[in-house]
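To start, the structure itself, in structure tokens.
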Amino acid sequence: MTTRALSKTIFALSSGSPPSAIAVIRLSGSESKNCLKRLTKKSRFRPRELFYAPLFDSSSRLLDRSMAVYMPGPHTFTGEDTVEFYVHGGRAVVNAVMEALKKMPNVDSAKAGEFTKRAFFNGKMDLSQVEALGDLISAETERQRALALSQDNIAKLLRPLRERLLHLMARFEAAIDFADDVELDRSEHDAAVREILQALKAMRESARKGCLIKEGARVALVGRTNVGKSSLINKLAEREVAIVSSISGTTRDSLEARIQLNALPVVVTDTAGIRESDCELETEGIRRSIRRAQEANVVLLVVDLSRCGTLNNEVEYLLKQIGELNASTAVTVVLNKADLWKGNEGDLVLDNKYSDFSVVRTSCKTDSGVSFLVESMSKTLGDLAGEESSADGVVLSRFRQIQLIDEATEELEEFEFADDGAIAAQHLRNCADLIGEVAGAIVNEQILDSIFSQFCIGK
Ligand SMILES: Nc1nc2c(ncn2[C@@H]2O[C@H](COP(=O)(O)OP(=O)(O)OP(=O)(O)O)[C@@H](O)[C@H]2O)c(=O)[nH]1
Ligand SMILES: [Mg+2]
């Protein structure tokens with residue numbers, strides 16, 4: 001950000017869109033106090049003290065009877081002089097005050113994320129704190145809120161790792177520069193690096209959970225045609241998301257519904273039923289069903305109990321059609337149309353290799369088992385995302401951060417094979433730099449633009 005851009009005083013409506021009981025208009029920059037003087041016609045203000053403030057335009061017309069506060073920098077969110085007006089939240093009131101501010105010299109309306117950008121450039125926040133703030137503002141579930149708050153400390157968590165790496169690197173460099181005086185015990189260093197590697201891998205695993213909390217879990221309903229997948233998504237979403245009919249092959253494309261389970265956002269996908277087909281469109285639909293299953297955190301394998309014969313064969317058939325599932329994907333076998341079943345319990349026994357699968361019996365006709373299925377999914381997602389309290393620890397949850405941790409891990413893995421001291425030291429340096437980048441100690445302009453553009457105006 002240029003000095004000129006920083007020198008402008010910015011203002012924005014920082015509360016939600018009018019009408020509302022109260023609207024907060026915030027200013028940041030060296031002209032803030034002058035703006036306050038002009039609007040209130042007062043000249044002296046006690047810092048950080050809320051006061052009653054009738055506001056006037058340049059022709060002394062009363063705009064609103066508001067409350068206001070003056071907060072001199074640098075101990076403010078942006079690090080600059082800041083003023084906040086708490087005006088009545090009517091659209092005309094807000095517009096009138098904003099219009100009056102716009103006419104003042106060297107004052108401009110703020111762009112999205114501009115207050116936070118100033119806080120960052122004035123050293124009030126690091127990049128991971130900026131990202132955490134963005135997450136907090138967009139948090140929709142309890143877990144997302146807790147996760148966002150936990151992210152405030154990423155720099156603190158990573159600093160010791162980075163310092164250890166730099167310390168190890170310095171030892172390697174000293175051994176090169178002063179070969180006669182400094183002797184290097186490589187095995188001791190290898191052990192230290194392995195410890196750091198373990199810490200990075202643990203972080204990577206917790207990041208997978210963090211992403212699940214932040215991005216939401218994906219659940220796919222997969223099975224043959226006419227087994228009741230669309231009926232089930234309608235039950236789970238508690239609304240008519242998909243068309244249900246007795247005609248096999250009714251659903252041709254994947255359909256999504258967003259729900260919340262165990263304080264996690266969940267995207268449930270209904271898919272086209274799997275069967276042999278000559279129809280090009282249907283075959284494409286089935287290909288998409290398989291892709292949705294492969295991308296899912298939880299696959300609900302739906303089976304029509306009244307027609308499935310031996311369950312084990314049916315599950316085997318469906319898994320074969322889907323192909324490779326991720327090792328972390330949880331599978332629940334849903335035995336639907338339980339109301340029609342008159343079969344043999346012995347036919348429902350699953351092979352030991354499927355012992356990790358949950359099995360739930362449902363009927364979309366009588367609703368029996370549906371709440372049990374919801375409970376079972378909730379538990380499965382809870383296991384995948386970790387207990388709710390685990391969000392108290394610091395967990396990474398950004399793709400950008402995970403990529404950097406992966407690259408840092410690769411550097412350390414390469415370190416182990418580097419016999420040459422200089423190359424080994426370089427791997428340690430690269431790893432330390434990548435870890436520094438996670439919390440934003442080292443930043444590139446493009447990443448900054450993309451992060452700040454996700455903010456709303458007024459933050
Ligand atoms: N008796 C009974 N009928 C059900 C049950 N669930 C669904 N059905 C009926 O089964 C038929 C197929 O249901 P859908 O939900 O459309 O099945 P689907 O798996 O989405 O089918 P495709 O879209 O063709 O793959 C409809 O006539 C439903 O009313 C159930 O639990 N019991
Ligand atoms: Mg369907």
Side-chain angles (χ1 to χ4, degrees), residues 218-259 266-296 298-323 325 329 331-345 347-348 350 357-377:
R218 306 197 70 86
V219 173
L221 286 151
V222 185
R224 291 189 198 251
T225 55
N226 212 43
V227 294
K229 301 178 296 301
S230 299
S231 308
L232 277 165
I233 199 174
N234 291 348
K235 295 281 175 199
L236 294 173
E238 297 175 337
R239 62 191 171 91
E240 299 297 307
V241 180
I243 300 174
V244 167
S245 92
S246 56
I247 304 164
S248 276
T250 299
T251 309
R252 287 298 185 99
D253 202 351
S254 303
L255 276 175
E256 290 186 348
R258 297 184 74 87
I259 60 171
V266 179
V267 180
V268 185
T269 310
D270 177 23
T271 63
I274 293 172
R275 67 172 172 186
E276 292 289 320
S277 171
D278 297 332
C279 168
E280 209 177 306
L281 274 181
E282 188 171 13
T283 310
E284 176 54 29
I286 294 169
R287 223 175 280 138
R288 287 180 188 203
S289 305
I290 290 168
R291 217 176 306 141
R292 294 294 99 82
Q294 290 170 344
E295 290 163 357
V298 180
V299 170
L300 300 182
L301 278 187
V302 188
V303 165
D304 177 347
L305 251 191
S306 66
R307 285 192 301 154
C308 84
T310 313
L311 180 63
N312 209 59
N313 294 347
E314 189 65 12
V315 167
E316 212 140 69
Y317 165 80
L318 289 173
L319 289 175
K320 193 164 160 235
Q321 299 302 310
I322 293 170
L325 276 181
T329 305
V331 177
T332 297
V333 181
V334 184
L335 310 177
N336 192 38
K337 304 200 187 180
D339 56 291
L340 298 179
W341 188 63
K342 292 189 185 66
N344 206 330
E345 285 291 335
D347 292 338
L348 303 183
L350 277 180
F357 293 7
S358 309
V359 181
V360 180
R361 258 177 238 201
T362 56
S363 164
C364 291
K365 192 170 178 193
T366 65
D367 273 353
S368 82
V370 174
S371 59
F372 188 66
L373 173 65
V374 171
E375 251 173 61
S376 159
M377 284 165 67

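Just follow the structure's listing: the first ligand is 1, and inside any ligand the first atom is 1. These values consider heavy atoms only, across backbone and side chains, with no hydrogens, waters or symmetry-generated copies. Residue numbers count from 1 along this sequence.
Taking 4.0 Å as the cut-off between side-chain N and carboxylate O, Arg218 and Glu256 count as a salt-bridged pair. Taking the charged nitrogens against the carboxylate oxygens, Glu284 and Arg288 do have a contact shorter than 4.0 Å, which makes a salt bridge.
Residue contacts with ligand 1, taken as heavy atom pairs separated by less than 4.0 Å, involve Ser245 solely via the backbone atoms N, CA, C and O. Only the backbone of Ser248 comes within 4.0 Å of ligand 1, judged by heavy-atom distances. Using a 4.0 Å cut-off between heavy atoms, Val302 makes no contact with ligand 1 at all. Both the backbone and the side chain of Thr251 come within contact range of ligand 1, each with a heavy atom under 4.0 Å.
Listed by number with element, the atoms of ligand 1 under 4.0 angstrom from any heavy atom of Gly273 are 25 (O). Ligand-side atoms of ligand 1 in range of Ile247: 24 (O), range being under 4.0 angstrom from any heavy atom. Contact atoms of ligand 1 toward Asn336: 5 (C), 6 (N), 31 (O) (distance under 4.0 Å to a heavy atom of the residue). Below 4.0 Å from some heavy atom of Leu340 lie the following atoms of ligand 1, by number and element: 1 (N). With ligand atoms numbered from 1 in the order given, ligand 1 contributes 15 (O), 18 (P), 20 (O) to contacts under 4.0 Å with heavy atoms of Ser230. Interface of Asp339 with ligand 1, defined as ligand atoms under 4.0 Å from a residue heavy atom, comprises 1 (N), 2 (C), 30 (C), 31 (O), 32 (N).
A donor-acceptor contact shorter than 3.5 Å is absent between the side chain of Thr250 and the backbone of Ser246. Panel note: side chain Thr310, backbone Asn313; no donor-acceptor pair is recorded below 3.5 Å. Using a distance-only test at 3.5 Å, with no hydrogens or angles considered, a donor-acceptor pair links the side chain of Gln294 to the main chain of Ile322. Not one N or O on the side chain of Asn336 forms a donor-acceptor pair closer than 3.5 Å with the backbone of Val302.
Within the coordination shell of the Mg ion (ligand 2), defined by N, O or S atoms under 2.8 Å, Ser230 is present. Coordination check, Thr251 versus the Mg ion (ligand 2): passed, since an N/O/S atom of the residue sits under 2.8 Å.
Protein heavy atom nearest atom 5 (C) of ligand 1, with residue, atom name and distance: Lys337 CG, 3.6 Å. Nearest to atom 13 (O) of ligand 1 among the protein's heavy atoms is Ser231 OG, 3.6 Å. If you check which protein heavy atom lies closest to atom 17 (O) of ligand 1, you get Gly228 N, 3.1 Å.
With a 4.5 Å cut-off on side-chain heavy atoms, Asp304 and Asn226 do not count as touching.
In terms of polar-atom proximity, defined here as any N/O pair under 3.5 Å, Thr362 makes no such contact with ligand 1.
Within a 6.0 Å sphere centred on CD1 of Ile243, heavy atoms belonging to other residues, nucleotides or ligands number 12 at most.
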